[in-house]
Amino acid sequence: MPTAPPASQPGAPRSLVVKTTSGADRPEACNQALTVSAAAVAAGADVSLWLTGEAAWLALPGRAGELDLEHATPAADLLEVVLEGGRVTVCTQCALRRGITADDVLPGVRVAGAATFVEEALLPGAQALVY
């Protein structure tokens, strides 16, 4: 997984932490989180996407492809962009409640908890968004 220098270093990319609690239950909010994350990767930002609540299901193979939203880039394509250029994390508690283990998720997806989210969100220069 790519790691970027701390945002406080000169020339370091800005850090964007995006958290989505929405999945198939709120496809527009979920797709927006994925779209913003992918756009930030394309812009060169250090991106960390957190899949929490119903969004945790997107970490499983094939599940992002099931999220269909008219006039939107497919969720699977957006998630692939973030996996290639950023970090994707599934909330530990959200995964446990859904019976998802680290062995179940897509390659490159990690399972981590609130302490890691807070650490990323509090980095100097970091911007956090929640959908």
Side-chain angles (χ1 to χ4, degrees):
M1 285 180 270
T3 57
S8 59
Q9 290 183 3
R14 288 229 23 220
S15 175
L16 180 65
V17 181
V18 178
K19 181 183 205 180
T20 180
T21 62
S22 304
D25 58 327
R26 294 182 57 227
E28 285 183 300
C30 181
N31 192 275
Q32 185 66 27
L34 294 170
T35 299
V36 167
S37 297
V41 166
D46 174 31
V47 177
S48 181
L49 172 63
W50 282 73
L51 304 174
T52 67
E54 285 302 296
W57 294 114
L58 298 178
L60 298 176
R63 293 300 286 267
E66 296 174 7
L67 186 71
D68 186 34
L69 185 62
E70 188 177 17
H71 307 297
T73 302
D77 294 350
L78 296 167
L79 185 57
E80 184 178 326
V81 169
V82 180
L83 280 167
E84 288 176 2
R87 290 176 309 286
V88 178
T89 306
V90 176
C91 162
T92 302
Q93 289 182 21
C94 301
L96 286 172
R97 281 191 284 276
R98 289 160 179 80
I100 298 170
T101 70
D103 293 333
D104 298 326
V105 299
L106 293 163
V109 174
R110 67 180 175 168
V111 178
T116 304
F117 176 82
V118 170
E119 180 182 334
E120 290 181 1
L122 292 179
L123 284 173
Q127 174 68 52
L129 302 174
V130 179
Y131 289 88

Please report the shortest heavy-atom distance between [X] and [Y], naming the atom on each side.
X	Y	value
Ser37	Leu49	OG-CD1, 3.5 Å
Val36	Leu16	CG1-CD2, 4.1 Å
Val41	Gly86	CG2-N, 4.3 Å
Ile100	Ala56	CD1-O, 3.8 Å
Leu106	Leu60	CG-C, 4.1 Å

Within [range] or reaching into it, pairs that qualify as ring-ring contact (aromatic ring centres under 6.0 Å, His included) - sequence neighbours excluded:
range	value
residues 17-40	none
residues 92-115	none
residues 80-102	none

Quick one: do Leu83 and Leu58 end up in the same hydrophobic cluster if we chain Ile, Leu, Val, Met, Phe, Trp and Tyr together by side-chain heavy atoms under 4.5 Å apart? yes

Assigning hydrophobic clusters by single linkage (Ile, Leu, Val, Met, Phe, Trp, Tyr; side-chain heavy-atom cutoff under 4.5 Å), is Val82 placed with Leu129? yes

What donor-acceptor contacts under 3.5 angstrom involve side-chain atoms of residues 17-29, with partners at least two apart or in another chain?
| unit_1 | atom_1 | unit_2 | atom_2 | d |
| --- | --- | --- | --- | --- |
| Thr20 | OG1 | Ser22 | N | 3.1 |
| Thr20 | OG1 | Ser22 | O | 3.2 |
| Thr21 | OG1 | Tyr131 | O | 3.4 |
| Ser22 | OG | Arg26 | NH1 | 2.8 |
| Asp25 | OD1 | Gly23 | N | 2.7 |

Could you give the side-chain donor-acceptor pairs of residues 120-127 under 3.5 Å, partners two or more places apart or in another chain?
| unit_1 | atom_1 | unit_2 | atom_2 | d |
| --- | --- | --- | --- | --- |
| Glu120 | OE1 | Ser48 | OG | 2.4 |
| Glu120 | OE1 | Trp50 | NE1 | 3.0 |
| Glu120 | OE2 | Arg110 | NH2 | 2.2 |

Mind checking what makes side chain to side chain donor-acceptor pair (under 3.5 Å) contact with Thr35, not counting sequence neighbours? Asn31

Return all side-chain donor-acceptor pairs below 3.5 angstrom for residues 63-80, not counting sequence neighbours, or 'none' if the list is empty.
| unit_1 | atom_1 | unit_2 | atom_2 | d |
| --- | --- | --- | --- | --- |
| Arg63 | NE | Glu66 | OE1 | 3.4 |

Taken to the nearest 0.5 Å, the spacing of Thr89 OG1 from Phe117 CZ works out to 10.0 Å

According to the salt bridge (charged side-chain N to carboxylate O under 4.0 Å, His left out) rule, which pairs have a member within residues 92-103, sequence neighbours left out? Glu54-Arg98

